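These numbers come from a predicted model, not from an experiment. So you know, we letter chains A, B, ... as the sequences are listed, proteins then strands, and number each from 1.
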2 protein chains.
Amino acid sequence: MTVWDRPEPPHRPVPLDRERIVAAAVALADEGGLAAVSVRKVAARLDAGPMRLYGFISTKDELFDLMMDAVYAEILPGEPPGDWREALHGLAHRTRRAALRHPWLADLLGGRPALGPNALAVSEATLAALDGLADIDTAMRAVETVSAYFTGAIRRELADLRAEHATGLSRSEWQRTRGPYLTGMLDTGRFPALAKAVYDGAHVDAEETFATGLDWVLDAVAARLTGIDGRGAPGR
Amino acid sequence: MTVWDRPEPPHRPVPLDRERIVAAAVALADEGGLAAVSVRKVAARLDAGPMRLYGFISTKDELFDLMMDAVYAEILPGEPPGDWREALHGLAHRTRRAALRHPWLADLLGGRPALGPNALAVSEATLAALDGLADIDTAMRAVETVSAYFTGAIRRELADLRAEHATGLSRSEWQRTRGPYLTGMLDTGRFPALAKAVYDGAHVDAEETFATGLDWVLDAVAARLTGIDGRGAPGR
DNA sequence: CTCATGTCGATACACTGTATTGTCGCTCTA
DNA sequence: TAGAGCGACAATACAGTGTATCGACATGAG
């Protein structure tokens, strides 16, 4: 029985694991946004039937969870930070850069609790950088407050960015599309303060806005961390 | 020709407007989350065919925009705030309460630029409260920073809340579901700082966490607003 | 060599957003 | 008053979605 007689071995299914699945899903999302990630398309990229994936995940949301955690791997600090401020500063900026690389991250950020191993590692590294500087509750508040800030800021930045890009040519095209409505509204005179802000504002670039707001928040944290009794000035 | 001879007039379509459409959509979302809002279901609530809605919106996303703006009406300050801090404080808390009434708001917050009339009115009222206290750019930064904070904080709070509720009975059931995995991970010893935080943390309630973080951020804003030269302490 | 097992793919279902097309009542004109 | 145009509405259609179910089949054990 020569090779010629023997039929080709039956098409063995491609071996699959979560890593390959997530990589395919992330690639799809990078190309076409979260909406482009469908169970069928991910499976197709892996030469598998759609139902195959349900051996590894039990719901599409879980696929999103895995994608999130894959990105948290990019957010992990490369080397131990010098101090707590550098740790939080770095965390915020790395998260932002990850979101710029993977715009769909903005849709997921803060959407569900991040409990994957990489997300936990990020939390660990961050909390560790605050160790000994304050009681645990203050440290957690610090992390949560800063995280809340950059989550919100990143979401807004990417929402704006997407709104611009959606119209086609960025900026000029956008001004022509959204402009008429907005200028129309502002010219009604019902929003004088807003109009002044829009017309007289400096329109600083996104990164600087992000960095500045972050510094404000970090200053607030510093005030509590370095306060004599750990409480700092009373709020309100 | 009596009434009896005359046939019933043909079924006249229910008059429709955006307000009714949005009200129906909001009701559906309140009951079953954003996922429960489908063009068909909204239309069905109004005794209309699905395509009917496309005379008022051109895309489902636009329906979401309208829903958002409807909620912004609830966020508008009832009376003029006493000072800038009260304005921002009130804005944050009203937004949070709106999100607790309409949990789906968390999915939309910060997702797309809010340009509806009510959103603009909210921005106007907020910026107006800061008028004269600083240059325009500083005022905008203040609003954006605080907004970023409470957007992120609200999203996280509702994500956690949803994760708890999803398992069925809140808290105890949740501990039993997510608990095993989390404790398992923490007990590996790979996350000592995180483990300490989870086990020794005080687990303060959500509203206090929100309020405290907000006060921190407001303090940071205050430092810039009342600074002699409007810049306050240099960051980083 | 046979049989049980468990993995994989096909099929199916209920549903989605939206384009297209047809219909029908109203209003304006001759 | 008859007709014609028009605009709003509904029905149908299509391509795609997440996921449950089920049948087949290659692989391992006996």
Side-chain angles (χ1 to χ4, degrees), chain A residues 1 6-22 24-29 31-68 104 107-108 111-112 162 166-167, chain B residues 1 6-22 24-29 31-68 104 107-108 111-112 162 166-167:
Chain A
M1 167 109 71
R6 265 181 283 129
E8 284 248 34
H11 180 276
R12 301 274 12 193
V14 184
L16 228 52
D17 50 38
R18 286 189 183 161
E19 193 179 330
R20 297 166 64 85
I21 292 173
V22 172
V26 167
L28 275 166
E31 292 163 17
L34 253 206
V37 178
S38 83
V39 175
R40 283 168 171 80
K41 282 192 272 206
V42 172
R45 284 231 168 182
L46 302 162
D47 282 322
M51 284 306 109
R52 184 93 183 274
L53 303 194
Y54 284 89
F56 302 84
I57 56 175
S58 66
T59 260
K60 197 192 179 185
D61 278 344
E62 290 189 355
L63 176 60
F64 288 157
D65 288 343
L66 294 178
M67 292 169 67
M68 273 282 268
W104 47 269
D107 299 322
L108 263 27
R112 343 178 75 215
R162 212 156 355 185
T167 66
Chain B
M1 166 108 71
R6 266 182 283 129
E8 283 247 32
H11 180 276
R12 302 272 11 183
V14 185
L16 229 52
D17 51 38
R18 287 191 182 158
E19 193 179 330
R20 297 167 64 86
I21 292 173
V22 172
V26 166
L28 275 167
E31 292 163 18
L34 253 206
V37 178
S38 82
V39 174
R40 282 170 171 81
K41 283 192 271 207
V42 172
R45 284 231 167 181
L46 301 163
D47 281 321
M51 283 305 109
R52 184 93 184 273
L53 302 195
Y54 284 89
F56 302 85
I57 55 174
S58 65
T59 259
K60 197 192 178 183
D61 278 343
E62 289 189 357
L63 176 60
F64 288 156
D65 287 344
L66 293 178
M67 292 169 67
M68 272 282 268
W104 48 269
D107 299 323
L108 263 28
R112 341 178 76 216
R162 210 151 3 180
T167 66

(message) Can you pull out the residues from residues 56-67 of chain B that lie within a 4.0 Å heavy-atom distance of DNA chain C?
(response)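 Correct list: T59(B), K60(B).
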
(request) Using side chain to side chain contact (heavy atoms under 4.5 Å, CB included) as the criterion, list what pairs up with Y54(B), not counting sequence neighbours. (result)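 Side chain to side chain contact (heavy atoms under 4.5 Å, CB included) check on Y54(B) returns V39(B), M51(B).
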
(message) Taking side chain to side chain contact (heavy atoms under 4.5 Å, CB included) as the definition, give me every residue that meets it alongside R45(A), ordered by chain and number, with sequence neighbours left out.
(response)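 If we apply the side chain to side chain contact (heavy atoms under 4.5 Å, CB included) test to R45(A), skipping adjacent residues, the hits are A24(A), A27(A), L28(A), E31(A).
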
In whole angstroms, how far is the [atom2] atom of [N] from the [atom1] atom of [X]?
X	N	atom1	atom2	answer
Y54(B)	dT16(C)	OH	P	11 Å
I21(B)	dG17(C)	CD1	P	14 Å
L28(A)	dT17(D)	CG	P	10 Å
M51(B)	dT23(C)	CE	P	19 Å
L46(A)	dT7(C)	CG	P	18 Å
L53(A)	dT7(C)	CG	P	15 Å

(request) Take R40(A) and S38(B), find for each the nucleotide of DNA chain C with the closest heavy atom, and name the residue whose nucleotide sits nearer the 5' end. (result)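 Comparing both residues, the 5'-ward one is R40(A).
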
(message) Using only atom types and a distance under 3.5 Å, with no angle test, would you say the side chain of R162(A) pairs donor to acceptor with the backbone of R112(B)?
(response)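 A pair under 3.5 Å: no.
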
(message) So does E62(B) get a backbone contact from the side chain of T59(B), meaning a donor-acceptor N/O pair under 3.5 Å?
(response)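 No, T59(B) side chain to E62(B) backbone: no donor-acceptor pair under 3.5 Å.
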
(message) Please classify the nucleic acid contact of V37(B) as base, sugar-phosphate, or nothing, using heavy-atom distances under 4.0 Å.
(response)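 The answer is sugar-phosphate, as V37(B) gets under 4.0 Å only of primed atoms, P, OP1 or OP2.
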
(message) Within this structure, what is the CG-CE distance for the pair D61(B) and M68(B), rounded to the nearest 0.5 Å?
(response)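 Reported value, rounded in 0.5 Å steps: 11.5 Å.
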
(request) Calculate, to the nearest 0.5 Å, the distance between atoms CG and CD1 belonging to L46(B) and I21(B) respectively. (result)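 The distance works out to 6.5 Å.
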
(message) With a 4.0 Å limit, can you tell me whether K41(A) has a side-chain N or O closer than that to the phosphate oxygens OP1/OP2 of dT17(D)?
(response)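 So the side-chain polar atoms of K41(A) do come within 4.0 Å of the phosphate oxygens OP1 or OP2 of dT17(D), strictly under.
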
